[in-house]
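Report on the following structure.
Letters go in sequence order (proteins before strands), and every chain restarts at 1.
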There are 2 protein chains.
Amino acid sequence: MANKKCIIRLLRYKNALHRLHSLGFVKVFSDNLADAVGVTASQVRKDFSLFGICGNKRGGYQIEALLEKLNHILGKNEQQKVVIVGGGNIGAALMKYKGFEKEGVKIAACFDIDPAKYHHKEGDIPVLPLEELKNFSRANHIRIGIIAVPDIAAQQVLDLMLSAGIKGIVNFAPIRLRASSDCFINNVNLVLELETVIYFIVNGLEKSIAEIHEEQKS
Amino acid sequence: MANKKCIIRLLRYKNALHRLHSLGFVKVFSDNLADAVGVTASQVRKDFSLFGICGNKRGGYQIEALLEKLNHILGKNEQQKVVIVGGGNIGAALMKYKGFEKEGVKIAACFDIDPAKYHHKEGDIPVLPLEELKNFSRANHIRIGIIAVPDIAAQQVLDLMLSAGIKGIVNFAPIRLRASSDCFINNVNLVLELETVIYFIVNGLEKSIAEIHEEQKS
DNA sequence: ATAGTTTTGTGAATAATTTCACTATAAAAT
DNA sequence: ATTTTATAGTGAAATTATTCACAAAACTAT
């Protein structure tokens with residue numbers, strides 16, 4: 001029913017609604033939203049109908065009410081705490097990135113095996129020894145983790161995360177991870193994202209598929 | 001015919017073949033490859049047949065020949081030069097990331113508006129004033145660019161890139177970009193990738209869709 | 001040689017996703 | 001009040017993507 005693609009669209013609707021709301025709009029029609037996100041109006045309505053979201057015939061959707069519903073569906077009413085494993089390039093960039101906090105995602109800590117990276121200063125995201133991942137995650141009810149280690153270490157880190165009760169993973173290591181227990185792994189491969197573009201440019205197909213939103217994609 | 005999802009799979013096959021090759025394997029069967037990438041064997045064969053790649057009945061595929069063909073299709077026989085606009089968190093992390101070079105992608109330069117970031121040292125990726133983007137791209141035949149600026153600036157940067165002859169874009173800004181001319185835009189939204197995982201965890205659906213490879217994000 | 005086995009290549013079948021097209025309804029206009 | 005108009009909601013149709021299943025080919029063993 002609700003597959004990943006559909007959820008990504010809901011998240012995009014949510015983001016577009018945020019912008020519209022902050023611009024002072026009060027209501028929105030399916031085709032405004034469609035245009036903001038780059039899909040068709042019937043796609044928007046289908047998605048909403050799938051989740052029992054309804055608006056007013058001829059009146060569109062009330063933005064505030066719609067945002068409220070989407071936030072509820074998407075689990076955005078409570079702040080989500082996340083850990084990162086790997087304090088290298090990607091991990092460090094994610095820690096500094098402001099985009100997460102804006103969306104109610106709190107990066108609670110980062111873990112690394114390199115003592116040179118350890119760091120614990122008030123107001124900053126702490127970088128802790130990897131051995132502490134399990135206790136920390138248990139103590140703080142962390143359910144979501146980001147893997148930002150080299151591919152060679154990724155599988156081990158995943159196993160450690162799973163044993164720490166983490167069930168949702170964003171994996172930046174360019175390797176297929178094998179999971180025994182039930183979990184949700186979202187692989188993000190930065191090089192692949194670039195290589196995809198290279199393919200379409202080298203093969204001169206930029207007209208055929210003008211714009212693609214990942215994932216749609218993925 | 002060849003959509004983004006299919007290309008992403010080809011890229012994954014290529015990566016898996018690299019690994020197999022470096023482990024000393026000479027030939028591979030569709031189901032080995034399928035397993036390495038997390039798809040079905042018939043998907044592998046279908047993908048190959050779409051590109052006229054054929055193996056030997058009963059003998060599988062010769063890894064070297066297959067890699068050669070895939071690299072050709074994927075435009076990996078020539079090194080691709082890429083520019084980044086935005087030397088902030090994400091831009092800086094991408095510059096330091098080793099994964100691109102490994103895959104024959106050369107980050108030729110980064111551009112920013114902040115003079116404090118300018119930097120030109122032998123052996124390092126230079127960070128140049130944004131005004132130079134156009135000349136640089138023209139002079140170096142750059143066709144691919146990465147947008148790593150805040151969302152508010154992204155549309156302007158895109159327009160500048162297009163005017164500089166760049167047609168393939170990886171966009172990290174969390175905003176829908178509008179393109180007049182024909183180009184290929186691949187949107188990568190890091191927050192969205194995390195929020196997707198949050199949805200599945202909060203809604204306890206990790207069993208239903210155990211693992212998804214992004215396109216399958218996107 | 002011949003028979004048996006394995007694996008590719010692919011048309012057909014199935015499944016998933018998106019779009020169409022039309023009904024019902026609420027708002028606006030008369 | 002009545003008519004007009006615009007838009008949501010939604011089954012049906014179309015499209016797209018994946019899997020099935022089997023014939024053809026090639027290797028192995030006898």
Side-chain angles (χ1 to χ4, degrees), chain A residues 1-10 12-13 17 20 25-63 65-66 69-70 196 205 208-218, chain B residues 1-10 12-13 17 20 25-63 65-66 69-70 196 205 208-218:
Chain A
M1 167 210 185
N3 60 15
K4 190 182 169 192
K5 255 164 129 172
C6 179
I7 299 308
I8 289 178
R9 284 195 303 267
L10 289 192
R12 291 211 162 102
Y13 302 148
L17 286 167
L20 292 170
F25 288 93
V26 171
K27 68 178 187 180
V28 69
F29 301 118
S30 60
D31 69 336
N32 305 142
L33 219 38
D35 188 55
V37 164
V39 299
T40 64
S42 40
Q43 180 83 83
V44 173
R45 297 200 301 272
K46 236 326 177 252
D47 286 338
F48 285 180
S49 112
L50 206 63
F51 287 92
I53 293 174
C54 48
N56 312 306
K57 304 221 161 158
R58 172 109 203 221
Y61 304 85
Q62 295 297 312
I63 290 179
L66 184 50
K69 277 179 199 149
L70 285 176
T196 307
L205 298 181
S208 69
I209 307 177
E211 182 176 352
I212 295 194
H213 304 265
E214 61 266 38
E215 276 262 72
Q216 267 135 302
K217 87 68 191 149
S218 50
Chain B
M1 167 211 186
N3 59 15
K4 191 183 170 192
K5 252 163 131 174
C6 178
I7 299 307
I8 289 178
R9 284 196 302 265
L10 290 192
R12 291 213 162 102
Y13 302 148
L17 287 167
L20 291 170
F25 289 92
V26 170
K27 68 178 187 179
V28 69
F29 301 119
S30 58
D31 69 335
N32 306 142
L33 218 38
D35 188 54
V37 165
V39 299
T40 64
S42 41
Q43 179 84 81
V44 173
R45 297 200 301 271
K46 219 6 158 231
D47 286 339
F48 286 179
S49 112
L50 207 63
F51 286 93
I53 292 173
C54 46
N56 312 305
K57 304 226 161 156
R58 171 115 202 217
Y61 304 84
Q62 295 297 312
I63 290 179
L66 184 50
K69 277 178 199 148
L70 286 176
T196 307
L205 300 181
S208 69
I209 308 175
E211 183 176 352
I212 295 195
H213 305 265
E214 56 269 38
E215 155 329 316
Q216 242 145 310
K217 222 158 180 55
S218 267

Output a table of donor-acceptor pairs, distance under 3.5 Å, between side-chain atoms of residues 54-62 of chain A and any protein atom two or more places apart or on a different chain; print 'none' if there are none.
none

Worked check of side-chain contact (heavy atoms from CB on, under 4.5 Å) between Phe51(A) and Leu70(A): CA-CA 9 Å; Phe51(A) 287 92; Leu70(A) 285 176; over 6 Å; no

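The side chain of Lys46(B) sits closest to dT19(D) out of dG9(D), dT10(D), dT19(D). In the set dA17(D), dT7(C), dT19(C), dT7(C) carries the atom at the smallest distance from any side-chain atom of Phe29(B). Picking from dG9(D), dT19(C), dG9(C) the nucleotide with the shortest atom distance to the side chain of Gln43(A) gives dT19(C). Listed nucleotides dT10(D), dT18(D), dT7(C) differ in distance to Lys57(B); the shortest reach to its side chain belongs to dT7(C). With dA21(D), dG9(D), dT19(D) as the choices, the nucleotide that has an atom nearest any side-chain atom of Tyr61(A) turns out to be dG9(D).
A pairwise comparison of heavy atoms in Leu50(A) and Cys6(A) identifies CD2-SG, 3.9 Å as the closest pair. The minimum heavy-atom distance linking Ala34(A) with Ala41(A) is given by the pair CB-N, 3.5 Å.
The side chain of Ser30(A) contributes no N or O atom lying less than 4.0 Å from OP1 or OP2 of dT7(D). For dA17(D), the OP1/OP2 oxygens have a side-chain nitrogen or oxygen of Asn3(B) closer than 4.0 Å.
Looking at heavy-atom distances under 4.0 Å, Phe48(A) makes no contact with the nucleic acid at all. Contacts of Thr40(A) with the nucleic acid, taken as non-hydrogen atoms under 4.0 Å apart, involve only primed sugar atoms and P, OP1 or OP2.
Across the protein-nucleic acid pair, Asp31(B) atom CG and dC20(D) atom P stand 14 Å apart, rounded to whole Å. What separates NZ of Lys5(B) from P of dA16(C) is a distance of 12 Å, to the nearest Å. Between the P atom of dT10(C) and the CZ atom of Phe51(B) lies a distance of 14 Å, rounded to the nearest Å. Distance CG (Asn56(A)) to P (dT25(C)): 13 Å, rounded to an integer number of Å. Atom CG in Asp35(A) sits about 16 Å away from atom C1' in dT7(D), given to the nearest Å. As rounded to whole Å, 13 Å separates atom P of dT10(D) from atom CG of Asp47(A). Per the geometry, CD belonging to Gln62(A) stands 12 Å off P belonging to dA8(D), to the nearest Å. The nearest whole Å value for the distance from the NZ atom in Lys4(A) to the P atom in dA16(C) is 18 Å.
Here the straight-line distance linking atom CD of Gln43(A) with atom OH of Tyr13(A) works out to 5.0 Å at 0.5 Å rounding. Of the inter-residue distances, the one linking Lys69(B) atom NZ with Leu17(B) atom CG reads 11.5 Å to the nearest 0.5 angstrom. With values rounded to the nearest 0.5 angstrom, Leu33(B) atom CG is found 11.5 Å from Arg45(B) atom CZ.
No donor-acceptor distance shorter than 3.5 angstrom exists from the side chain of Asp35(B) to the backbone of Asn32(B), with no hydrogens or angles considered.
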Give every pair of a protein N or O atom and an N or O atom of nucleotides 1-5 of chain D that lie under 3.5 Å apart, one pair per line with the distance.
from   : atom 1 : to       : atom 2 : distance (Å)
dT5(D) : O2     : Arg58(A) : NH1    : 2.4

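Of the residues near DNA chain C, Gly59(A) and Gly55(B), the one whose nearest nucleotide (by heavy atom distance) lies more toward the 5' end is Gly55(B).
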